[in-house]
Each structure stands twice: as structure tokens, then as C-alpha cells.
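Working notes, structure below.
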Amino acid sequence: MSSVPVTAQTAGKAAARAAVRRRNRGSRATRVAQRRPGWVTYALLGIALLISIFPLYYTLLLGSSTQQEVSQNAVPQWLPDLSLFDRFATVVNASQINFWKALTNSVIISVTASLAVVLFSTLAGFAFAKLRFAWRRGLLVFVIATMAVPTQLGVIPLYILMTDLDWVGKLQAVIVPAMLCPFGVFWMTQYLSSALPFELIEAARVDGASMLRTFRSVALPAAAPAAAMLFLFWFVMQWTMFFWPSIVLNSQNPTLPLVVQSLQGQYFTDYSLVMAGIFLVTFPLLVIFAIVGKQLVAGIMTGAVKG
Amino acid sequence: MTALHTPAPAPARGNPDPAPRRVGFTQRLSRWDVKLSPYLYISPFFLLFALVGAFPLVYTAYVSVHEWNLLGGQGEFVGLQNFADVLGQAIFWKSVGNTFSIFVLSAAPQLALAITIAALLDQNLRAATFWRMGVLVPYVVAPVAVSLIFGRMFADQYGLINAILGGIGLDPVGWHSDRFASHVAIATIVNFRWTGYNALILLAAMQAVPRELYEAAVIDGAGRFRQFFSVTIPQIRSTMVFVVITATIGGMQIFDEVRMYDPIGLGGPSRNWMTTVLYLYDVAWGNQKNFGRAAAVAWLLFLLIVCIGLINFYLTSRIAAADGDRSAVSRRRTQALIAQAQAKARAGSRAEAPTAPLPAHAAALPDDGPPGQAPPGRTTRSTRDSGGQR
């Protein structure tokens with residue numbers, strides 16, 4: 001039994017390899033299209049990369065200089081030194097800054113909001129893509145239309161609402177509005193309608209699974225790749241968000257972007273400390289980016305929208 | 001699934017055998033499950049939208065026609081007085097002018113740079129992922145941090161940019177004192193953060209361009225630049241429009257960068273870089289604490305965005321006319337072909353001819369989103385991965 005498939009497989013592999021060789025030989029035009037770019041491309045990209053990271057490097061430089069050096073020289077030195085860590089310690093230990101609290105808050109807000117967005121979007125996306133119900137199409141069009149509404153413009157009533165709920169200064173004032181993401185619903189609907197075959201759902205139903213069970217064991221695993229992308233986006237978006245948190249939160253209970261603001265307020269004459277603080281605030285997301293940046297890039301290229 | 005539609009017979013009272021009763025209950029439960037689940041699944045989104053999306057938008061209108069104070073709460077009904085007050089304030093108009101100026105200064109160079117970077121990345125690069133991640137680094141730095149860093153680099157005295165200008169023998173620029181210069185600096189902050197992101201979106205569109213077009217262009221003797229302008233640019237036009245529209249919506253709401261550009265955060269000594277959202281913030285939570293007026297500002301800004309959206313829509317439909325027509329024709333032709341095939345199948349003697357021309361899930365795809373809102377390249381992109389496979 002084993003010999004026949006193996007032969008077939010080898011033949012298939014050989015054929016595939018031959019096809020690849022034929023394709024690679026290709027026409028002159030194909031070869032031109034496949035050619036590696038010259039050094040000019042790399043040089044230009046190198047410049048773009050330098051511009052991308054230079055401001056961060058510059059914050060390190062200013063952060064490791066003294067207040068006096070910063071106020072007299074545009075570039076006090078060309079390499080950061082160990083005094084940087086003293087500045088870090090000053091920022092972290094400054095009682096007015098609440099650095100650790102801000103870090104915890106940022107993690108809580110970003111993770112909770114992103115998890116909620118992923119869950120709600122997958123639920124709604126599953127319903128829109130795979131289930132039949134009245135008004136389905138109309139409601140989906142409605143969801144897409146809400147993507148065009150700038151939610152920032154409702155900040156005043158939202159603030160009044162938060163005051164009435166007595167949520168001002170509390171994390172839920174940031175988390176609850178951040179759970180709304182029409183794009184996520186649209187994205188999941190798109191993804192699930194192509195990635196989840198109807199046969200799988202029917203099979204689960206025939207086996208006696210309830211709708212919730214079907215969602216959990218069939219739709220959720222199928223949605224995992226898209227869910228990961230959505231999570232990443234929303235996480236970055238919430239982590240860097242400033243406008244709304246600056247309105248409903250305060251310096252006793254800040255997020256990291258608010259820490260940046262209070263650094264400027266506290267030490268704006270000592271730019272060395274401000275810069276060290278900025279780097280410290282930016283660092284966690286840079287680490288995350290180094291780990292999952294590849295997925296984030298792939299996600300943006302699969303089509304994200306700007307918030 | 002078919003069993004769901006046969007109602008279970010009501011079990012007789014006092015039936016000693018519990019089995020049929022349980023089946024009936026389960027079936028009824030299952031029918032309700034099927035009927036209600038979709039609504040349950042979409043309800044979290046819609047409830048949230050009602051609470052934090054729709055309600056505030058509508059309520060803004062209510063607030064805008066009342067006297068309303070941050071501390072005192074709702075006052076009396078004043079009609080359109082708040083709107084009149086806002087429109088009568090010179091600072092409001094200045095903020096609108098600033099917003100437009102900063103937006104234009106950021107959108108145009110951003111798009112040009114993003115296309116250039118995308119074109120560079122759209123080659124058979126070694127370590128393609130590394131370069132892509134490299135240009136995305138600014139995106140993960142919070143706008144407030146970027147603004148502070150650049151605020152320092154653009155400092156009027158001892159700033160890096162002015163030092164460089166001095167180094168090549170130019171006069172220092174008043175990046176904070178001069179109105180136009182401050183707009184350039186703030187636009188630079190915006191560009192720094194978003195260029196790489198937009199480059200990746202454009203790159204995705206570029207990768208969806210069929211390689212045969214380039215091969216044909218090469219055979220026709222087109223060089224790199226000719227290929228770029230005659231093949232790439234026309235092919236990614238709709239994505240460019242998408243990028244412009246999102247940049248517009250974002251540009252009209254710019255706040256973080258201008259708030260953090262100086263330590264005071266209210267647009268400079270003579271409000272030289274105060275944008276409309278910053279003005280809204282100042283009216284509501286800053287000096288005036290006047291929610292009624294701020295709500296009026298919000299509505300005026302909303303109208304402004306709608307106007308620009310309509311202009312965009314008009315331009316889009318004109319620019320993308322060629323693309324749109326082609327796809328409309330092809331869709332019509334596809335339908336005609338399907339109809340033809342169906343007719344043939346019906347006329348033919350084959351009894352098992354398929355009755356449904358399309359798989360059911362094809363109908364589930366929303367094929368017409370609002371223009372520009374549909375993420376680019378979703379439908380057209382093949383699964384082709386980065387450079388190596390081409």
C-alpha cells in the first residue's frame with residue numbers, strides 16, 4: 001500500500017521542481033522582474049530607516065546629558081552613557097509621575113479593550129458572515145457606515161455621561177468607549193466569510209452542538225489569525241491614545257501618554273529628564289514591536305484603517 | 001437541521017416516560033437557539049454603539065442649543081446662540097485655517113514620500129521584513145512622545161534643526177514664533193509617524209499589481225521610472241484615494257501633536273498653531289468651561305468633515321472613474337455569462353445541472369462598501385508573499 005503513493009509523491013515532487021526550474025529560467029522579462037535591486041535602493045531605504053529611528057536615538061542622547069548641556073548644545077554628545085540610568089531612576093521614582101501605575105493602567109486598558117474588541121467583532125462577524133437573520137444586510141451596511149463617523153466629536157456628551165456614571169478618573173471611562181470598533185466587525189465578517197466553510201458549521205450542528213458551542217469550537221479557531229491581527233492593531237491604538245484619556249483620567253491615575261504630558265509639566269526646563277522619561281515610556285511598546293512587528297506589518301498590509 | 005422545523009408533540013400530562021418530553025424541550029430550545037443567536041452575537045456591538053457612539057452624537061446637538069457649564073451643568077435653552085458665538089470668534093476661524101494649513105502641509109509630502117518608500121520596498125529585497133518593520137517603527141511611538149521629541153528638535157534656540165541650518169550657513173527659523181514655520185514643524189511630526197504606515201498600505205496595493213504588466217512593460221522597453229509611472233501608479237490609484245481620505249479625516253481631528261508642541265499646550269502665544277479640536281478642548285475644559293459652545297464647535301467641525309468628505313467623494317468618483325467602470329462592466333458581464341450558462345444547462349437534458357449559480361457564501365460578502373472605506377487590496381490581492389517568491 002505504501003509503495004504506490006510514495007512513487008506518486010516523488011514523481012509529483014520532481015515535476016514540481018522541474019516546473020519551478022522552468023519558471024525560474026523564464027523569459028528575459030521574468031528575469032528582469034526577479035532581479036535583486038542595486039545598492040541605491042538599499043542606500044535610500046537605509047536613509048529612511050535612519051530617519052525612523054533617529055528621534056529615538058536623539059532622546060537617548062539628550063537623556064544621558066545634564067540639564068546644562070541640553071540647554072546649551074543641540075547635540076551634547078554622540079553616544080549615550082550610563083548616566084541615562086540615573087535619569088531613568090529619577091523618573092520611575094518621582095512620586096508625581098506615577099510611572100508604575102501608568103504602566104499597569106496602560107496594560108490593563110490596552111489588553112481589556114483589545115480582547116473585548118476581538119470577542120465582540122468575532123461574534124458579530126460570525127453572525128454576519130455565516131448566519132441567516134432578518135435585516136442582516138442592512139445592519140452590516142449600518143456597521144460599515146459607522147466607520148465614517150468620527151467618534152471624537154461626541155466627547156462632550158460622553159464626558160457628561162462619564163460624570164453621571166461617576167467614572168471620571170477611573171479606568172472604565174477609557175476602556176468602555178475603546179471597546180467600540182466597527183472596523184473590527186467589518187474585518188471579521190470579511191475574514192470569516194472566506195475562511196470558514198459552511199460545511200464545518202453544518203457538521204457541528206448535525207453533531208448536536210448548540211450555536212454557542214459551534215461558535216466556540218468552530219468559528220473561534222478559524223478566526224484566530226485575523227483575531228491576532230485585530231488585537232495587535234487595537235493594542236497599539238489604545239496604548240498610544242492620548243486625547244480621551246487626557247480628558248477623563250488625571251495624574252493620580254494616568255496612562256503612559258499622560259505621563260509624558262506630566263513630565264513636560266513637571267520638568268520642562270530639564271529636558272534631559274523629560275527625554276529619559278519619554279524613552280522609558282516608549283520602550284515597552286518597542287519591545288512588543290520587536291517581538292510581533294512582523295505580524296503587525298502583515299496585518300497593516302492586509303488592510304487596516306487608521307483610527 | 002431539518003428536524004428543527006417539525007414541532008415536537010406536546011407531551012401528555014403525567015406521562016411516565018420522560019424521554020419524549022426531553023426531546024421536545026431540547027428541540028424547542030434548539031429552535032430558539034438558531035433564531036436568537038445571531039441577534040445575541042451582534043448585540044454587544046450595537047449596544048456599545050448606542051451607548052458610546054450614537055447617543056453622544058445626538059446628545060451633542062441637545063447640548064449645543066443650551067447654556068451648559070463644566071461645573072454648573074445644564075442651563076437654559078438658548079437656541080443657536082452658541083453657534084453664533086463660536087462663528088463670531090476670530091480664534092475659531094484661525095483654528096480652522098491652522099487645521100487646513102497643517103493638513104495640506106502634511107498630506108501632500110506624506111503621500112509622495114510614502115509612495116517612494118513603497119516603491120523601494122516593492123522590489124525583490126533581501127531581508128524584506130526587516131525593512132518593512134524598520135519604516136514602521138515610528139508608528140509604535142505615541143504621538144505625544146513624538147511631538148515632544150520634535151518640539152525639542154525644532155526648538156528656536158539650541159534646537160537640532162536650527163543647529164543644522166546654522167551649520168550649512170542658513171539663518172535659524174522661528175519654529176515656534178513664526179506661524180507658517182510652526183505649521184511646517186507640526187506637519188513634520190505628523191509625517192514622521194504616518195509615512196511608514198501609509199507606505200505599507202501602498203506597498204500592499206503595489207504587490208497586487210499583476211507581474212505580467214511589468215513583464216509586458218519590460219518587453220516594450222520601459223525603464224524603471226517609466227514602469228513606475230505608467231504601470232504602478234495607475235494600478236494603485238484607488239488605494240491612493242483611500243490613503244488620502246483617511247489622512248483627511250485624521251488631519252481634521254489633529255490634537256495630540258499641537259497640544260504637546262510647547263509646554264503650555266494651547267497653540268502658542270497668539271494661537272498660531274491651535275487647531276479646531278484643540279480649540280474645542282480649550283472651550284470645554286480650558287479657559288471657558290463652556291460645554292454648550294464646545295458642542296457647537298463639535299457640530300461645526302462635523303459639518304466641515306462632511307463637506308470635505310463630499311468633495312473627496314466627488315473627486316474620487318472622477319479620478320477612479322476608469323476603474324469603477326471597468327469593474328461594473330465586468331460584473332455585468334459575469335452575470336450575463338452566468339445567466340447564459342444557466343439557460344444552457346436548463347435547455348440541456350442533464351437533470352443534475354446545478355440550480356444555484358453561485359456558492360451561498362458569495363452573497364455574504366458585502367461587495368459595495370462606501371468608497372474609500374473598504375480596506376485596500378482585500379479582494380484583489382493574491383496570497384503572494386514577500387519578494388522571494390516572485
Side-chain angles (χ1 to χ4, degrees), chain A residues 29-30 32-34 36-37 41 44-45 48-49 52-53 55 59 74 120 123-124 126-127 129 131 133 140 144 146-148 150-154 156-158 177 179-180 185 193 198 205 210-211 236 240 242-243 257 260-261 264 268 271 278 281-282 285 289 293-294 297 300-301 303 305-306, chain B residues 1 33 37-38 41-42 44-45 48-49 52-53 56-57 59-60 63 117 120 123-124 129 131-138 140-142 144-145 148-149 152 158 160 163 200 204 211 214-215 218-219 246 250 253 255-256 263 284 291 294-295 298 302 361 364-366 369 373 375-376 378 390:
Chain A
T30 318
V32 169
Q34 283 180 342
R36 294 276 182 193
T41 303
L44 290 174
L45 280 174
L49 187 66
S52 288
I53 56 178
T59 55
F120 294 166
L123 272 172
F126 175 58
L131 305 181
F133 54 97
L140 185 57
I144 294 166
T146 58
M147 278 167 41
T151 44
Q152 256 197 15
L153 301 184
I156 288 151
L158 209 51
M179 287 175 172
L180 183 70
V185 175
S193 41
F198 277 100
R205 295 294 295 158
S210 68
M211 291 308 270
V236 173
T240 55
F242 173 67
F243 183 54
V260 173
Q261 192 192 17
Q264 160 120 319
F268 78 89
Y271 269 102
I278 287 176
V281 163
T282 309
L285 202 52
F289 180 68
K294 202 174 165 184
V297 167
I300 287 172
M301 288 187 54
V305 269
K306 208 148 126 172
Chain B
M1 290 278 275
D33 188 20
S37 290
Y41 292 178
I42 61 171
F45 172 81
L48 255 177
F49 178 75
V52 300
L57 271 183
Y59 201 57
T60 306
V63 176
I117 294 176
L120 290 174
Q123 298 180 57
N124 200 2
T129 310
W131 295 110
R132 289 175 190 174
M133 275 174 68
V135 299
L136 198 62
V137 167
V140 297
V141 184
V144 280
L148 255 180
I149 300 168
R152 183 66 207 163
Y158 308 114
L160 181 63
L200 288 185
R211 296 293 128 174
Y214 290 110
E215 293 179 10
V218 169
I219 287 169
T246 50
Q253 300 183 44
F255 174 82
D256 301 4
F291 274 15
F302 181 63
H361 63 266
L365 278 163
Q373 282 295 335
R378 166 84 32 72
R390 257 179 255 149

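Just so we're on the same page: letters track the sequence lines, and every chain starts at 1.
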Distance (rounded to the nearest 0.5 Å) between A:M301 CE and B:L136 CG: 11.0 Å

Starting from the C-alpha separation in whole Å, work towards a yes-or-no answer on side-chain contact (heavy atoms from CB on, under 4.5 Å) for B:Y41 and A:M211. CA-CA 10 Å; B:Y41 292 178; A:M211 291 308 270; 3.6 Å; yes

Got a sec, which residues hit side-chain contact (heavy atoms from CB on, under 4.5 Å) with B:P138, two or more places apart in sequence or on another chain? A:S52, B:F192

Chi angles and distances behind the side-chain contact (heavy atoms from CB on, under 4.5 Å) call for A:V297, B:T129: CA-CA 8 Å; A:V297 167; B:T129 310; 5.7 Å; no

If you tally heavy-atom pairs under 4.5 Å between each of B:T60, B:I117, B:V135, B:L120 and chain A, the highest tally belongs to B:L120

When only pairs under 4.5 Å are counted, which of A:I278, A:V185, A:L45, A:I53 shares the most heavy-atom pairs with chain B? A:L45

Heavy-atom pairs under 4.5 Å with chain B are the metric here; pick the option from A:A127, A:P55, A:P177, A:S210 that has the most. A:P55

Can you name the ring-ring contact (aromatic ring centres under 6.0 Å, His included) partners of A:F289, sequence neighbours left out? none

Minimum side-chain heavy-atom gap A:T146-B:F45 below 4.5 Å: yes

Contact origin within A:L131 toward chain B - heavy atom pairs under 4.5 Å: side chain

Any side-chain heavy atom of B:V52 within less than 4.5 Å of one from A:L158? yes

Among A:L285, A:T282, A:T59, A:T240, the one residue meeting side-chain contact (heavy atoms from CB on, under 4.5 Å) with B:V141: A:T282

Where do A:L49 and B:G134 come nearest, in terms of heavy atoms and distance? CD1-CA, 3.1 Å

Checking side-chain contact (heavy atoms from CB on, under 4.5 Å) between A:V260 and each of B:D256, B:I149, B:L148, which is the one that passes? B:L148

